Asker: 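The structure under discussion is supplied below as structure tokens; questions concerning it will follow.
Bear in mind that the values here come from a model prediction, so they are computed numbers and not experimental data. Hydrogens, waters and symmetry mates play no part in the numbers below; they use all other heavy atoms, side chains included.
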Amino acid sequence: MKSREEIMNLLEAFDLCGSLRGAGELAGVSHHTVARYVAERDAGELAGGGPRRRKRIIDPFLPKIEEWVERSHAKIRADRCYVKLRALGFEGSDRTVRRAVAEAKKSFAAGRRRVYRPWIPEPGMWAQWDWGAGPVISGRRTNLFCAWLAWSRFRVVIATWDRTVPTVIACVDRAMRAFGGAPTYWLTDNERTVTIDHVAGIAVRHREIVAVGGHYGITVATCVPADPESKGGSEATVRVAKADLVPTDANLRGDYASWAELTEACDAWMAEINARAHRVTRRPPAEMLTEERHRLHALPEAPYTAALGETRKVSWSSTISFGAVTYSVPHTLADETVWVRVDGDQVVITHCAPSGPVEVARHQRSIPGRPMIDDAHYPPRPAGPLGRRPKATSAAEAEFLAIGDGARTWLVEAAAAGTSRVKVKMAQAVTLARLHGTERLDWALGHAAMFGRFADGDLASILAANPPGARRRADDVHSLQPGTAAWGRLGADQ
């Protein structure tokens, strides 16, 4: 095959000579070659130096291959085409069939390729939410509610135990309170908590979701089923949140010891990612949110609570009564109002905080006479009557206890031993501390408590027996060991 330059030289020689043979001699080719290219130029079919496609053994069967590709929506395999073509008389190789099927599928997709129009979000218009699998805590799997405000790219992640309708409503409320207002539309998947059915391609909404839309002044829309590309913002939020919050070998994050630790990690993640410049806008989402809040709708002061259950007031003992059974709640909610509902075999307790509804407790459903109390809802227990610690109630007592731990131990042991005139001896100890120093007297009080020496003058005796800088040594005078003179007679009587 001649190159483009060779063909142009050949045609130029023909134009100069006007003869096929003369042009062939000048160009160094056969006059038949000159005639072929001149004829192609005159017919407007000059190849231009490109490779000319030859006839293939598969060409008579191409219409049938295109028919199969069309019928299968480009899902038929080349090996199946090869078997069918062999039955039709094809004698070529399977490699030839694979190439022909690949070309047919490429042509099929070219006319049906999805077209993506750039989406330019409008401030205050769209928000999206989606769900991701959260980490396992105490053998139980959690969920991550991931919300995304389209224009500012502000992200909210909330950990939950379930994905029921009340939980969805509570999470949407908390997300909007984190946004500082309500967008016009919320976009999400067609889960049963949002869409209960499809009729002629039209989504039938859950009645509670419709009521939520009326309460907040929002419209909940759903994307086309099995089409995650239509809500890429929330999909990306789920992907990034799972990569950072769920323990994996890639992020080297350890397992969560408690539910509170997971919620703290979610709050820290939101603060970090919303303060970081976004790749598209080159601005932090938290900064852009301050501008978008002017386009968001105002939120009602009270959240939508119809789906959260029944109200109960927390008693002074940080408990509520539901179904004649006592359930505990965190002690910080005493005298507050909470919402209680039944979720399967569990009782879920929710508190409507200023930041939105928050699940504060979850218990196994019990029967009357068997209260469900969680020790984690209460502060550490007091020490009790056997573990009371000295606490000053007067200036004299405070001065004595300020000596140190030895003074506190002496007071506890002296009181337990029934020592008389304790206050007088405490005053004497304060006086001795001024003479001998607080550190020495604290040491003396500790030794007195250890050996039960609570009589008058015992502290002075201990201090006199242990002068500062002196170190007592055992010698013949102070030792209880008898002498060794008896050892000198050993063997003398034998």
Asker: Testing Glu208, Arg192, Glu191, Arg207 for side-chain contact (heavy atoms from CB on, under 4.5 Å) with Val165, which one passes?
Answerer: Glu208
Asker: Is a salt bridge present between Arg56 and Glu103, judged by a nitrogen-to-oxygen distance below 4.0 Å?
Answerer: yes
Asker: Using a 4.5 Å cut-off on heavy atoms from C-beta on, say whether the side chain of Tyr378 contacts that of Ser328.
Answerer: yes
Asker: Show, in sequence, the C-alpha distance, side-chain angles and deciding distance for Tyr82 and Val101, and conclude whether the side chain to side chain contact (heavy atoms under 4.5 Å, CB included) test is met.
Answerer: CA-CA 10 Å; Tyr82 179 69; Val101 171; over 6 Å; no
Asker: Side chain to side chain donor-acceptor pair (under 3.5 Å), that's the test. Do Arg153 and Thr281 meet it? Break it down for me.
Answerer: CA-CA 9 Å; Arg153 274 78 173 180; Thr281 62; 5.6 Å; no
Asker: I'd like to check the salt bridge (Lys or Arg N to Asp or Glu O under 4.0 Å) partners of Arg253; sequence neighbours left out, ordered by chain and number.
Answerer: none
Asker: State the CE-CD1 distance between Met270 and Ile158, to the nearest 0.5 angstrom.
Answerer: 6.5 Å
Asker: How many angstroms lie between CG in Asp94 and CZ in Arg86, if you round to the nearest 0.5 Å?
Answerer: 9.5 Å
Asker: Does the side chain of Arg163 reach to within under 4.5 Å of the side chain of Trp131, using non-hydrogen atoms?
Answerer: yes
Asker: Does Asp162 have any side chain to side chain contact (heavy atoms under 4.5 Å, CB included) partners at least two apart in sequence or in another chain, and if so, which?
Answerer: Thr164, Thr167, Arg341, Asp343, Arg362
Asker: Under the 3.5 angstrom rule, does the side chain of Tyr216 hit a backbone N or O of Tyr304 as a donor-acceptor pair?
Answerer: yes
Asker: Say you draw a straight line from CD of Gln346 to OG of Ser366; how long is it, rounded to the nearest 0.5 Å?
Answerer: 13.0 Å
Asker: Could you work out, with side chain to side chain contact (heavy atoms under 4.5 Å, CB included) as the rule, every residue matching Arg295, not counting sequence neighbours?
Answerer: Glu122, Pro123
Asker: Taking atom types as modelled, is there a side-chain donor on His297 or Thr184 under 3.5 Å from an acceptor on the other?
Answerer: yes
Asker: I'd like to know whether Ser93 forms a side chain to side chain donor-acceptor pair (under 3.5 Å) with Thr96, so could you lay out the CA-CA distance, the side-chain angles of the two residues, the decisive distance to 0.1 Å, and finally the verdict.
Answerer: CA-CA 5 Å; Ser93 65; Thr96 303; 3.3 Å; yes
Asker: Between Tyr256 and Ser138, is any pair of side-chain heavy atoms under 4.5 Å apart?
Answerer: no
Asker: Do you know which two heavy atoms are closest between Pro303 and Cys352, and how far apart they sit?
Answerer: CG-SG, 3.7 Å
Asker: Does a salt bridge link Arg239 with Asp244, judged by any charged N lying under 4.0 Å from a carboxylate O?
Answerer: no
Asker: Check whether any side-chain N or O of Thr142 sits under 3.5 Å from a backbone N or O of Pro135 as a donor-acceptor pair, and report yes or no.
Answerer: yes
Asker: Do Thr350 and Glu359 get their side chains close enough for a donor-acceptor pair, meaning under 3.5 Å?
Answerer: no
Asker: Is there a donor-acceptor contact under 3.5 Å from the side chain of His363 to the main chain of Ile373?
Answerer: no
Asker: Would you call Glu25 and Arg21 a salt bridge, using N to O less than 4.0 angstrom?
Answerer: no
Asker: Can you find a heavy atom in the side chain of Val194 that is under 4.5 Å from one in the side chain of Val220?
Answerer: yes
Asker: Under 4.5 Å between any side-chain heavy atoms of Leu187 and Cys223, yes or no?
Answerer: yes
Asker: Could you work out, with salt bridge (Lys or Arg N to Asp or Glu O under 4.0 Å) as the rule, every residue matching Glu287, not counting sequence neighbours?
Answerer: Arg283
Asker: So how far is it from Glu6 CD to Thr33 OG1, rounded to the nearest 0.5 Å?
Answerer: 11.0 Å
Asker: Got a second to check how far Glu91's CD is from Leu88's CG, nearest 0.5 Å?
Answerer: 12.5 Å
Asker: Report yes if some heavy atom in the side chain of Ile65 is under 4.5 Å from a heavy atom in the side chain of Leu85; otherwise report no.
Answerer: yes
Asker: So, the side chain of Glu292 versus the backbone of Gly124: is there a donor-acceptor pair under 3.5 Å, distance only?
Answerer: yes
Asker: Do Phe179 and Leu296 make a side-chain contact, defined as non-hydrogen atoms from C-beta onward lying under 4.5 Å apart?
Answerer: yes
Asker: Hey, does the side chain of Asp173 reach the backbone of Ile169 with a donor-acceptor pair shorter than 3.5 angstrom?
Answerer: no
Asker: Backbone N or O of Ala257 within a donor-acceptor pair of the Glu261 side chain at under 3.5 Å?
Answerer: yes
Asker: To check you understand the geometry: which heavy-atom pair defines the closest contact between Thr195 and Ala203, and what is its length?
Answerer: CG2-CB, 3.7 Å
Asker: Please check if any side-chain donor atom of Ser152 sits under 3.5 Å from a side-chain acceptor atom of Arg293, or the reverse.
Answerer: no
Asker: Are the side chain of His331 and the backbone N or O of His377 linked by a donor-acceptor pair below 3.5 Å?
Answerer: yes
Asker: Assess the pair Trp129 and Trp148: is the distance between their ring centroids shorter than 6.0 Å?
Answerer: no
Asker: According to ring-ring contact (aromatic ring centres under 6.0 Å, His included), who are the partners of Phe154, at least two apart in sequence or on a separate chain?
Answerer: none
Asker: Leu10 and Ala27: which non-hydrogen atoms are nearest, and at how many Å?
Answerer: CA-CB, 4.2 Å
Asker: Assign the ring pair Phe322 / Tyr327 to parallel, tilted or perpendicular, where the plane angle (0 to 90°) is split at 30° and 60°.
Answerer: tilted
Asker: Over all heavy atoms of both residues, which pair between Asp189 and Thr222 is shortest? Give the atoms and the distance, please.
Answerer: O-CG2, 3.5 Å
Asker: Flag the pair Leu333 / Val360 as yes when at least one side-chain heavy-atom distance between them is below 4.5 Å, and no otherwise.
Answerer: yes
Asker: Could you go through the salt bridge (Lys or Arg N to Asp or Glu O under 4.0 Å) check for Glu66 and Lys64 one step at a time?
Answerer: CA-CA 5 Å; Glu66 294 173 353; Lys64 181 58 68 174; over 6 Å; no
Asker: Asp130 and Thr237: side chain to side chain contact (heavy atoms under 4.5 Å, CB included), yes or no, with the steps?
Answerer: CA-CA 8 Å; Asp130 201 356; Thr237 302; over 6 Å; no
Asker: Among residues at least two apart in sequence or on other chains, which ones pass ring-ring contact (aromatic ring centres under 6.0 Å, His included) with Trp68?
Answerer: none
Asker: Please find the pair of heavy atoms, one from Leu401 and one from Pro390, that lie closest to each other, and give the distance.
Answerer: CD2-CB, 3.9 Å
Asker: With side chain to side chain contact (heavy atoms under 4.5 Å, CB included) as the criterion, how do Lys313 and Glu336 come out once you've worked through the C-alpha distance, each side chain's angles and the decisive distance to 0.1 Å?
Answerer: CA-CA 6 Å; Lys313 187 172 183 179; Glu336 294 283 341; over 6 Å; no
Asker: For Arg279, look at atom CZ and say whether over 12 heavy atoms of other residues, nucleotides or ligands are found less than 6.0 Å away.
Answerer: no
Asker: Aromatic contact between Trp161 and Trp259, with the criterion being ring centroids under 6.0 Å apart: yes or no?
Answerer: yes
Asker: Any chance you could measure Leu262, atom CG, to Ile137, atom CD1, to the nearest 0.5 Å?
Answerer: 4.5 Å
Asker: Side chains of Asn190 and His198: donor-acceptor distance under 3.5 Å anywhere?
Answerer: yes
Asker: With distance as the sole test, does Asn274 use its side chain to make a donor-acceptor pair with the main-chain N or O of Arg155 at under 3.5 Å?
Answerer: yes
